[in-house]
Amino acid sequence: MAAGLTRVPVREQQPKVRATNFEEVCYGYNKEEAVEESQRCLGCKKAKCMEGCPVSINIPGFIAAVKEERFEDAFHIISESSSLPAVCGRVCPQESQCEGVCIRGKKGDPVSIGKLERFVADWARENGIKPTPAAEKNGKKVAVIGSGPAGLTCAGDLAKLGYEVKIFEALHKAGGVLVYGIPEFRLPKDRVVAPEVENVKSLGVEIETDVIIGRTVKLDELIEDEGFDAVFIGSGAGLPKFMGIPGETACGVLSANEYLTRNNLMKAFNPEYDTPIVHGKKVVVVGGGNVAMDAARTALRLGAETHIVYRRSEEELPARAEEVHHAKEEGIIFDLLTNPVEILVDENDAVKGVKCIRMELGEPDASGRRRPVEIPGSEFDIDCDTVIMSLGTSPNPLISSTTKGLEINRRQCIVVTEETGATSKEGVYAGGDAVTGAATVILAMGAGKTAAKGIHEYLSNK
Amino acid sequence: MFKILEAEQLSANVYKQVILAPRVAKSCEPGQFVIVRVDETAERIPLTICDYDREAGTITIVFQPIGVSTYKLVKLKAGDSILDFVGPLGRPSDLVTDDFEEVKKKKIVFIAGGVGTAPVYPQAKWLHEHGIECDIIVGARTKDLLILEKEMSSVGNLHLCTDDGSYGFKGVGTAMLEKLVSEGREFDHCVAIGPMIMMKFACLTTKKLGIPTVVSMNPIMVDGTGMCGACRVMVGDEVKFACVDGPEFDGHKIDFDQAMKRAAMYKTEEGRRLLKYQEGETHHGGCGNCGGDK
């Protein structure tokens with residue numbers, strides 16, 4: 001059985017039960033399950049999974065340690081490459097990365113690399129194991145803007161190399177999208193995110209919250225007045241996009257960013273907190289990415305009948321496979337090949353429905369996905385009281401517009417050299433959504449890692 | 001944590017606090033605002049910057065309690081601390097950033113209503129310090145609700161008005177403006193800040209009088225840094241975000257009716273939470289939410 005074709009199943013909260021609470025959906029592996037699953041790894045010499053990992057974790061190495069129940073060793077192997085393993089084990093799109101290229105997957109299930117990573121990280125936290133800090137400081141100072149996945153990774157890597165690192169966070173809590181965006185039921189805040197942030201701090205990284213670079217302090221002032229030798233910009237996603245259709249500023253139309261920030265960062269689902277949230281009876285979420293799934297599953301948990309409206313078909317849904325699967329199990333209704341054309345409002349300017357049109361797939365477009373085309377005359381209405389737009393974001397202009405010599409492209413994203421993360425301004429590096437536009441946690445971490453290496457090279461030769 | 005150095009009640013429903021926040025005090029300009037989170041369970045609330053002292057590192061905020069979080073703020077005294085205080089947010093006023101020689105030529109009038117008097121003060125003060133004199137109309141329902149009279153009179157030609165005539169000119173701020181214009185005064189730039197309904201009528205009047213008018217919008221906000229999109233306002237045909245594009249906009253292009261409806265979006269929910277907070281242990285229903293009515 002140990003080398004079987006199927007992976008060890010993971011225990012989860014029952015769909016009907018979890019649809020009414022904000023507890024974590026997936027329980028993860030216990031020790032026995034993790035060791036059993038680890039036996040399935042073939043320990044490939046030329047490990048494809050490592051190539052598939054944006055931060056190149058030594059996957060066969062840590063799994064070999066799990067096989068022998070050397071969990072502490074396994075944690076240190078992962079920590080060489082990743083500062084946030086408990087997060088990645090939960091939110092990485094493994095099916096298109098490490099697990100997508102696993103040899104085991106050619107015939108049967110790939111090894112459950114994500115669940116094993118999560119197990120190791122959780123075990124380390126429960127047993128008080130911390131990453132190893134640098135032996136000595138090198139006396140150089142680096143400022144990191146934003147405490148999301150890109151910033152935390154860059155800061156952690158630089159601290160391990162001996163740099164004095166300070167993170168500036170605009171919000172009142174560190175973690176970026178891990179605290180304001182991804183919901184509790186997918187990524188518990190106090191139990192998982194906060195300890196991972198503490199781990200980065202234990203490497204010597206300082207975090208100052210409530211500082212908005214570009215407003216409170218300008219980037220140039222960090223270098224000129226506060227004595228930083230280099231700066232990393234990991235300021236993340238920016239303003240939410242809207243469709244530009246009639247009725248979109250009506251009461252009851254909100255961005256997924258607003259909805260999720262109210263619920264996750266401000267804990268509006270908890271009556272002890274003051275921040276209000278819209279308790280829709282029937283909610284339409286527009287979009288098909290992870291953020292759309294998060295918003296829809298949040299609305300469901302707050303008691304709404306919830307629909308996902310997406311203009312392409314199921315195959316093109318950009319969300320992680322596991323999230324789509326969980327959303328369906330919980331009872332989210334998917335209206336695919338459907339696109340809103342107008343928000344319908346009542347006399348008080350409140351949402352009463354969405355006029356939609358049916359779509360069909362035409363020729364592939366620039367992204368390689370088949371382009372959705374409207375079917376003439378197929379308009380129909382969906383009744384609802386809340387519409388949540390989850391169409392991605394465009395980068396925040398606060399830093400680029402207040403910093404001299406920082407080049408941005410047509411989409412307002414910061415331009416960097418891919419190999420080093422260097423921007424057009426000397427000593428300033430960038431990575432994550434501020435550079436790529438909305439992407440994933442792990443890609444942001446990969447960019448943070450690349451930039452840490454770039455900054456190290458730059459400051460070593462200076 | 002951010003320490004409250006002074007706390008004072010200005011009128012029946014308006015309060016003033018001086019907060020130690022050196023980073024904000026160093027960088028803020030007239031027209032900008034801050035976001036405050038009083039304690040762990042509080043909302044992030046956008047508040048007006050009424051004054052700042054770069055040397056002392058302090059910001060003066062003026063506010064009117066409306067929801068649970070602002071009522072919590074009212075209870076704090078000098079010596080207490082606020083958990084989070086972040087800013088400055090929004091763009092500085094055009095008067096501060098536009099070409100100074102152009103601004104100098106302008107004949108400027110401010111119309112301030114209620115708690116909106118507070119954000120007018122730093123703008124008028126900045127002009128005064130730069131040798132530009134302006135007219136300031138401050139209006140309130142009644143004498144007891146007028147705030148900052150002394151401060152305002154030291155930075156411009158102050159025209160006070162009350163709806164009930166208990167002090168100064170009897171009538172609303174826009175009536176005062178029309179009176180000044182009919183007496184031959186000329187203005188070519190107006191800044192109107194106050195309750196949404198007041199700004200709406202101020203804009204109708206200034207449009208009629210042909211005076212370009214800037215208003216400061218205070219829509220619902222969550223993060224205030226350009227992330228949530230809650231603060232969007234229609235300016236002409238364009239959707240703008242008050243926190244990064246504003247808060248000041250061309251008042252003649254704002255859809256005030258829609259802005260007022262959006263501002264009321266969370267009213268029921270906020271009212272419920274406020275009732276629960278104010279009644280505390282004695283809360284047994286009436287909010288329509290807790291089941292206590294049944």
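Numbers restart at 1 for each chain; the letters A, B, ... are given by sequence-line order, proteins then strands. Just so you know, these numbers use all the heavy atoms, side chains as well, and skip hydrogens, waters and symmetry mates.
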For [X], which atoms come within 4.5 Å of any heavy atom of chain B: side chain, backbone, both, or neither?
X: A:Tyr259; answer: neither
X: A:Leu398; answer: side chain
X: A:Lys173; answer: side chain
X: A:Ala250; answer: backbone

If you compare all heavy atoms of [X] against all heavy atoms of [Y], which two are closest, and at what distance to 0.1 Å?
X: A:Cys251; Y: B:Lys261; value: SG-O, 3.4 Å
X: A:Thr216; Y: B:Gly87; value: OG1-O, 2.7 Å
X: A:Asp210; Y: B:Val86; value: O-CG2, 3.4 Å
X: B:Arg262; Y: A:Thr249; value: NH1-O, 2.9 Å
X: A:Ser255; Y: B:Cys228; value: OG-O, 2.5 Å

Enter the distance from [X]:[atom1] to [Y]:[atom2] here, rounded to the nearest 0.5 Å.
X: A:Thr209; Y: B:Arg37; atom1: OG1; atom2: CZ; result: 9.0 Å
X: A:Asp274; Y: B:Asp39; atom1: CG; atom2: CG; result: 7.0 Å
X: A:Asn270; Y: B:Thr41; atom1: CG; atom2: OG1; result: 9.0 Å
X: A:Arg215; Y: B:Arg91; atom1: CZ; atom2: CZ; result: 8.0 Å
X: A:Asn257; Y: B:Asp223; atom1: CG; atom2: CG; result: 8.0 Å

Closest-packed option against chain A by number of heavy-atom pairs under 4.5 Å, given B:Cys28, B:Ala21, B:Gly90: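 Counting heavy-atom pairs under 4.5 Å, the top option is B:Gly90.
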Best-contacting candidate, B:Ala230, B:Cys243, B:Gly229, B:Gly224, against chain A by heavy atom pairs under 4.5 angstrom: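 Among the listed options, the one with the most contacts to chain A is B:Ala230.
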Chi angles and distances behind the side chain to side chain contact (heavy atoms under 4.5 Å, CB included) call for A:Tyr273, B:Glu40: CA-CA 8 Å; A:Tyr273 284 72; B:Glu40 176 54 33; 3.4 Å; yes
Options A:Leu171, A:Thr261, A:Thr393, ranked by heavy-atom pairs under 4.5 Å with chain B, top entry: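 When all of A:Leu171, A:Thr261, A:Thr393 are compared, A:Leu171 has the most.
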Is chain A contacted by the side chain of [X], its backbone, both, or neither, given a heavy-atom distance below 4.5 Å?
X: B:Ile35; answer: neither
X: B:Phe2; answer: side chain
X: B:Val244; answer: both
X: B:Met227; answer: both

Test side chain to side chain contact (heavy atoms under 4.5 Å, CB included) applied to A:Leu239 and B:Phe241, step by step: CA-CA 9 Å; A:Leu239 293 167; B:Phe241 297 92; 3.7 Å; yes
NZ/A:Lys282: more than 12 non-hydrogen atoms of other groups inside 6.0 Å: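 Yes, because the 6.0 Å sphere around NZ of A:Lys282 holds more than 12 heavy atoms from other groups.
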Check against side chain to side chain contact (heavy atoms under 4.5 Å, CB included), B:Val222 and A:Met266: CA-CA 9 Å; B:Val222 187; A:Met266 306 311 296; 4.1 Å; yes
Verdict with supporting geometry, B:Arg232 and A:Val253, side chain to side chain contact (heavy atoms under 4.5 Å, CB included): CA-CA 11 Å; B:Arg232 59 197 196 279; A:Val253 181; 3.7 Å; yes
SB check B:Lys26 A:Glu221 (cutoff 4.0 Å):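 Salt bridge flag = no for A:Glu221 with B:Lys26.
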